[in-house]
Each structure stands twice: as C-alpha cells, then as structure tokens.
Student: 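So that we are looking at the same thing, I have put the structure below in structure tokens.
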Amino acid sequence: MELKLYNTLTRDKSEFKPLEGNQVRIYTCGPTVYSYAHIGNFRAYVFMDTLRRVLKYNGYELKHVMNITDVGHLESDADEGEDKMEKAARKENKDPYEIAKYYTEIFFRDMGRLNIEKPEIIAKATEHIPEMIEFVKKLIENGYAYETSRGIYFDISKLDKYPILSNRKLDDQIAGARVDVDEEKRNPYDFALWIKAPENHIMKWESPWGLSYPGWHIECSAMGKKYLGEEFDIHTGGVDHIPTHHENEIAQSKGITGKIPAKIWMHVEFLQIDGGKMSKSLGNTYTLDILEKHGIEPLAYKLFCYTAHYRTKLNFTFEVAKSSQISINRLREGYLKHLEGKQKIENEIIEQYKQRFLTAINDDLNMPLAMGIVWEVVRNEVKSAQFAKLLEDFDEVLGLDIKNSKQYYTKQVQIELTDEIKELVQKRTLARQNKDWALSDKIRDELSEKGYNVKDSKEGMTIEKK
Ligand code: AMP
Ligand code: ZN
C-alpha cells in the first residue's frame with residue numbers, strides 16, 4: 001500500500017519511494033547534550049520513532065543516523081551567545097566532555113523508557129572534527145565561504161536561492177533587530193561554519209584557521225554526508241529547525257555538491273505546556289522523571305503524543321497526561337482480556353482492521369486515527385486471542401510494549417480505590433519498574449497504614465483491603 005509523507009520542502013504530501021532499492025536513509029538532528037532532555041524534546045523523538053516503525057512496518061530497511069551535538073550549538077540559532085556546552089560546564093563547574101557524557105547517558109536511558117528505537121548510527125560531533133574541517137575547506141575552495149576575525153562564514157549571496165525551506169523574508173528581518181550587525185560579514189544572513197575560539201574556550205581544535213570549533217549546522221551536513229552520502233531519503237527535526245538550522249544545512253550541501261541533501265524534510269510541531277511555551281524561566285521544562293512523580297509513566301506520555309498528529313501543536317497539561325495513564329492501563333487490561341479469550345474471529349475481520357490501521361499510519365503517520373482503530377479492537381466485546389495477536393502486530397508501530405502488559409498491570413482485587421490510594425499504587429508500580437525497592441517498600445508501608453495489603457507476584461501487584 002502507498003505510504004504518503006508530508007515534505008516541508010515541496011509543501012505537499014506525496015507517495016514515498018526510497019532513492020535506492022529497499023533501504024531508507026534517514027538523518028535526524030539529535031539532542032544538544034548540555035542539560036536534561038524535556039518532554040518537548042521527546043515529542044520530537046517519539047515522532048522519529050513512529051517514522052522508523054512505520055517505514056519498517058511497510059517492509060523497508062533503515063540506515064538512520066542521529067547526531068549528538070556536544071559542541072558548537074550557540075545560545076541562539078543565529079550565531080549569537082555562548083556555546084551551550086561551555087556555558088553548562090562553567091555553571092556546573094565541570095569539564096564539557098563530562099557534561100556531554102552525563103546528559104547523553106540520561107538521554108538514552110529516557111529513550112529506552114519511552115521504548116524509542118535507537119537509530120543504527122549515533123554520531124557525536126566531537127568525533128567528526130576532521131570531516132567538518134574538510135567540508136569547510138571545500139566550501140572555501142568552491143567560493144562559498146570566507147574568513148573573518150571571528151571565523152569562517154557562508155556567503156548566502158552565492159546561492160541561486162536562499163531561503164528555500166521556509167517562507168521567511170530576509171529583507172523584513174534585516175530592518176529589524178534580529179540580526180547582529182557584524183561589519184565583517186558580506187551579508188547579514190551569512191552564518192558561521194567555523195568559529196575561532198576565545199582564549200578561555202575549552203573545546204577547540206587545531207585547524208587551518210587556528211584553534212577553533214565547528215558551528216552547529218556544519219556538524220549535521222558533514223556527518224550526514226559521511227554516513228548517508230550526498231543525497232539521502234529523509235531528514236527530520238523540529239519545526240524550529242526549518243528557518244535556520246535546516247536552511248543552512250541545505251546551503252552548505254549545495255555549496256559542495258550542488259544538491260539538496262535530502263529528498264524529504266519532515267518536521268514535528270512543538271509541544272506546548274498549559275497552552276504556552278516551555279521555558280526554564282517558567283519552570284515548566286518537565287522531564288520524564290517529573291512526570292513519574294505525578295504518576296505518569298513514560299509510555300503513558302508516548303500514548304499522549306499519539307493524541308495529536310505530529311504536524312499539529314500538542315498541549316500538555318498534567319490532567320490530560322493523567323488520563324493517558326488511565327488509557328494505557330485500559331489498553332493493557334483490554335489486551336490481557338483478549339489474550340485469555342477463547343472466541344474465534346474470522347480472518348476477514350482481522351484483515352479489515354489491519355487494512356484500516358495501515359491506511360491510517362500510511363497517511364503521513366496519522367496516529368490519532370490509528371489509535372481509534374486500536375481502541376475498537378481493545379474494546380471489542382468478543383474476547384479473542386486473535387485480537388491480542390493483532391494488538392501485538394499494531395504495537396510494532398505503537399511501541400508501547402503491549403506484549404509485556406502483565407508486568408505493568410496492577411491487579412486490583414474487586415475494590416474501589418480512592419484517588420489518593422490509586423496514586424500511591426501507581427507510584428509504587430513505577431518504583432518497581434525502576435527497581436527502586438526502597439521507595440516501593442516505603443509506599444507499601446504507607447498503604448498498610450492506610451488499611452491496604454499489597455502482594456507482589458510475577459503477575460504484578462495485588463492490593464486488598466485489610
Ligand atoms: P535540542 O536538544 O535543543 O537541540 O533539541 C532537540 C530536539 O527537540 C530538536 O529536534 C527540537 O526541534 C526539539 N524540540 C525542542 N523543543 C520542543 C518542543 N517544545 N516540542 C517539540 N520538539 C521540541
Ligand atoms: Zn542538525
């Protein structure tokens with residue numbers, strides 16, 4: 001069946017065909033590892049996971065690269081401010097490499113908790129400095145770049161068209177205050193490829209231009225070319241990458257090969273919090289750990305992401321996310337009931353569900369529609385192991401670890417629990433998943449004081465009134 005994907009570059013949804021054979025080559029802009037990734041960042045990686053899974057479900061093989069930005073991402077995308085890594089290192093009084101190692105590890109731990117598949121190739125910027133230097137040298141040779149006292153800059157006037165990915169009007173912005181006036185730059189929107197390091201800068205490398213470090217955009221261009229070639233199938237990122245980062249990646253590649261590096265550019269819309277922006281100053285850059293403290297599992301957050309199409313904004317509130325926790329519990333309960341079901345279902349019915357599911361996901365990853373079909377199966381009054389199998393098949397795309405529902409599912413013995421007790425039970429389930437036995441014991445004692453006995457078994461936790 002035809003798979004349709006929306007392309008920011010052509011501004012349309014069209015049929016996907018890999019450039020070469022059955023393999024799909026993808027590049028995803030990965031995290032800048034200067035801090036904990038928040039749930040907004042993870043919306044971007046849940047989207048990445050869905051794309052991977054849908055492509056695989058359609059029978060494609062993947063060669064997927066995700067970079068780790070551990071140098072060169074300045075505070076503002078328009079080459080202003082400090083390197084985020086250096087700033088964090090100074091604040092935490094640590095070495096930037098130590099900072100990168102710590103937050104990279106936490107990032108992959110959280111990816112695991114969300115059951116997000118790891119791309120085939122993970123590429124750290126600091127491990128690709130020679131490739132980046134070569135890229136910049138070539139751009140200078142080809143007449144697309146020039147040196148100033150601050151670094152090496154890309155000359156956008158050398159391109160036939162800039163920008164091409166976004167509709168932004170440069171002239172409007174030149175009049176405004178958004179661009180730093182740098183007398184040495186040939187055009188206000190020329191951007192830094194390579195940055196000369198100030199004396200006290202920690203992350204710097206020998207280069208033809210003295211001790212210096214890469215700009216953020218050159219990293220992705222150089223690593224993409226190294227692993228995926230001059231032209232590959234799909235490039236992904238968040239909508240914030242459209243006007244600057246991806247625009248500049250395209251410019252850089254055109255300066256070397258004359259080609260746009262990826263055929264399809266896919267961008268995920270932002271997660272908002274309480275209808276507004278996420279920001280450190282508002283204290284709402286929630287992590288998965290904070291969600292867990294509110295009794296919301298990582299996989300419940302993943303399910304929450306499926307309530308909106310990736311190209312629409314999604315509004316996070318704790319209230320709605322808590323209802324996603326209830327939903328995932330129901331999903332597991334429904335699956336387990338089907339698993340024990342003895343009824344026979346005609347193959348035709350199973351095939352119809354499969355077709356409808358495939359139609360939904362192949363329509364530019366329409367997960368809200370796909371979830372509607374999943375719920376029809378879960379809630380079907382006819383209990384059948386064939387439906388359980390079907391849900392396992394859908395889970396190839398959902399990645400909600402449905403097969404292991406028993407491990408997550410808390411059996412409640414025919415009693416109505418108050419919200420307070422339910423919350424404690426939820427927290428204890430999470431503590432046990434995280435192997436935090438001390439917390440699990442503490443909550444068991446608390447439940448005991450409140451008049452409930454809990455028992456643990458392979459099937460999960462059972463709670464009874466004393
Ligand atoms: P960063 O670590 O800042 O480079 O960002 C990592 C990824 O998270 C990028 O793909 C961003 O586009 C994405 N991102 C950042 N904030 C949000 C948000 N609120 N919602 C969705 N994606 C986001
Ligand atoms: Zn990138």
Side-chain angles (χ1 to χ4, degrees), residues 8 26-51 64-77 81 83-85 87-88 99-100 103-104 106-108 110-111 114 116 119 122-125 128 132 135 165 191 214-228 232 234-253 261-262 265-280 282 284-287 301-302 304-305 308-316:
T8 309
I26 315 170
Y27 188 96
T28 292
C29 289
T32 309
V33 285
Y34 69 107
S35 180
Y36 296 104
H38 54 62
I39 55 173
N41 301 133
F42 282 117
R43 183 185 191 201
Y45 302 113
V46 167
F47 153 70
M48 172 193 96
D49 188 55
T50 307
L51 175 64
H64 183 185
V65 178
M66 182 174 76
N67 69 296
I68 301 289
T69 299
D70 51 1
V71 67
H73 195 166
L74 304 190
E75 284 172 278
S76 123
D77 289 0
D83 185 315
K84 292 184 185 190
M85 297 302 304
K87 191 174 173 186
I99 299 271
Y103 290 114
T104 305
I106 306 269
F107 175 76
F108 283 114
D110 283 356
M111 292 271 280
L114 285 161
I116 292 176
I122 304 294
K124 283 187 192 169
H128 295 80
M132 294 176 205
F135 208 112
L165 195 58
F191 56 89
W216 175 36
H217 321 305
I218 200 71
E219 302 177 359
C220 291
S221 291
M223 293 187 281
K225 182 164 167 286
K226 172 171 178 174
Y227 294 105
L228 302 174
F232 49 91
I234 307 175
H235 198 312
T236 82
V239 285
D240 55 327
H241 290 160
I242 301 173
T244 309
H245 184 51
H246 287 173
E247 198 69 75
N248 293 349
E249 272 189 50
I250 293 176
Q252 291 165 161
S253 291
W265 294 76
M266 296 180 77
H267 295 97
V268 53
E269 249 300 348
F270 262 36
L271 179 84
Q272 298 193 319
I273 308 277
D274 297 324
K277 262 186 95 153
M278 301 181 76
S279 81
K280 289 230 165 74
L282 292 170
N284 63 7
T285 49
Y286 306 128
T287 58
Y301 175 68
K302 192 174 198 184
F304 167 79
C305 289
H309 188 266
Y310 78 89
R311 287 202 297 120
T312 60
K313 288 195 174 67
L314 173 60
N315 188 35
F316 177 92

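Counting convention: from 1, in listed order, for ligands and their atoms alike. Below, all heavy atoms of this structure are taken into account, side chains as well, without hydrogens, waters or symmetry copies.
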Student: Ring centres of H38 and Y286 under 6.0 Å apart?
Tutor: no

Student: Does any N or O of ligand 1 fall below 3.5 Å from an N or O anywhere on K84, backbone included?
Tutor: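 No, K84 has no N/O under 3.5 Å of an N/O on ligand 1.
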
Student: Quick test: of every protein heavy atom, which one is nearest to atom 9 (C) of ligand 1, and how far off is it to 0.1 Å?
Tutor: H241 CE1, 3.6 Å

Student: I want to confirm something. Looking only at heavy atoms, which of T28, L271, T69, V46 is nearest to atom 19 (N) of ligand 1?
Tutor: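 Residue with the shortest heavy-atom distance to the ligand atom: L271.
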
Student: Quick check on contacts: which atoms of ligand 1 are under 4.0 angstrom from a heavy atom of H38?
Tutor: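 Close to H38: 16 (N).
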
Student: Below 4.5 Å, heavy atoms only, C-beta onward: do N67 and V65 meet side chain to side chain?
Tutor: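 With C-beta onward as the side chain, the pair stays apart.
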
Student: Classify the angle between the aromatic ring planes of H217 and F191 as parallel (below 30°), tilted (30 to 60°) or perpendicular (above 60°).
Tutor: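 Ring orientation of H217 relative to F191: perpendicular.
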
Student: Grab the two heavy atoms, one from P261 and one from I250, that are nearest each other, plus how far apart they are.
Tutor: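 For P261 and I250, the tightest heavy-atom pair comes out as CD-CA, 4.1 Å.
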
Student: Out of Y34, F316, Y45, who gets a non-hydrogen atom closest to atom 6 (C) of ligand 1?
Tutor: Y45

Student: Answer yes or no: does an N/O atom from M278 fall short of 3.5 Å to an N/O atom of ligand 1?
Tutor: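 In this structure, M278 places no N or O atom under 3.5 Å from an N or O of ligand 1.
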
Student: Any atoms of ligand 1 less than 4.0 Å from a non-hydrogen atom of P31? List them with their elements.
Tutor: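 Answer for ligand 1: 2 (O).
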
Student: At the 4.0 Å heavy-atom cut-off, does V268 count as touching ligand 1?
Tutor: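 Judged by the 4.0 Å heavy-atom criterion, V268 does not count as contacting ligand 1.
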
Student: Assign the ring pair H246 / H267 to parallel, tilted or perpendicular, where the plane angle (0 to 90°) is split at 30° and 60°.
Tutor: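 Ring orientation, 0 to 90° scale: tilted.
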
Student: Could you confirm whether C220 has any N/O/S atom lying under 2.8 Å from the Zn ion (ligand 2)?
Tutor: yes

Student: Considering only protein heavy atoms, which is closest to atom 22 (N) of ligand 1, and at what distance to one decimal place?
Tutor: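 I find the closest protein heavy atom is G40 O, 3.0 Å.
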
Student: Just need the protein heavy atom nearest to atom 11 (C) of ligand 1, so name the residue and atom and give the distance.
Tutor: D240 OD1, 3.6 Å

Student: Within a strict 4.5 Å, meaning less than it, do heavy atoms of the D83 and V71 side chains meet?
Tutor: yes

Student: Would you name the N/O/S atom of H245 that lies closest to the Zn ion (ligand 2)?
Tutor: NE2

Student: Using a strict cut-off of 4.0 Å, indicate which atoms of ligand 1 neighbour a heavy atom of E269.
Tutor: 21 (C)

Student: What is the closest protein heavy atom to atom 14 (N) of ligand 1, and at what distance does it sit?
Tutor: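 For this ligand atom, the closest protein heavy atom is N41 ND2, 3.6 Å.
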
Student: Rounded to the nearest 0.5 Å, what's the gap from CD1 on I99 to NZ on K84? Could you check?
Tutor: 14.5 Å

Student: Nearest protein heavy atom to atom 2 (O) of ligand 1, by residue and atom, and its distance?
Tutor: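 Here the nearest protein heavy atom works out to T32 N, 2.9 Å.
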
Student: Which residue in the set F304, F107, Y301, F316 passes ring-ring contact (aromatic ring centres under 6.0 Å, His included) when paired with F42?
Tutor: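 Going through the options one by one, the only one that passes is F107.
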
Student: Are K277 and ligand 1 in contact, using a heavy-atom cut-off of under 4.0 Å?
Tutor: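 So K277 does not count as touching ligand 1.
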
Student: Specify whether an N/O/S atom of C29 falls short of 2.8 Å from the Zn ion (ligand 2).
Tutor: yes

Student: Within a strict 4.5 Å, meaning less than it, do heavy atoms of the L74 and W216 side chains meet?
Tutor: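 SC-SC contact between L74 and W216 ruled out.
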
Student: Quick one: are T69 and P31 in side-chain contact, heavy atoms under 4.5 Å?
Tutor: no

Student: Would H241 and E249 satisfy side chain to side chain donor-acceptor pair (under 3.5 Å), going step by step from the backbone distance to the final call?
Tutor: CA-CA 10 Å; H241 290 160; E249 272 189 50; over 6 Å; no

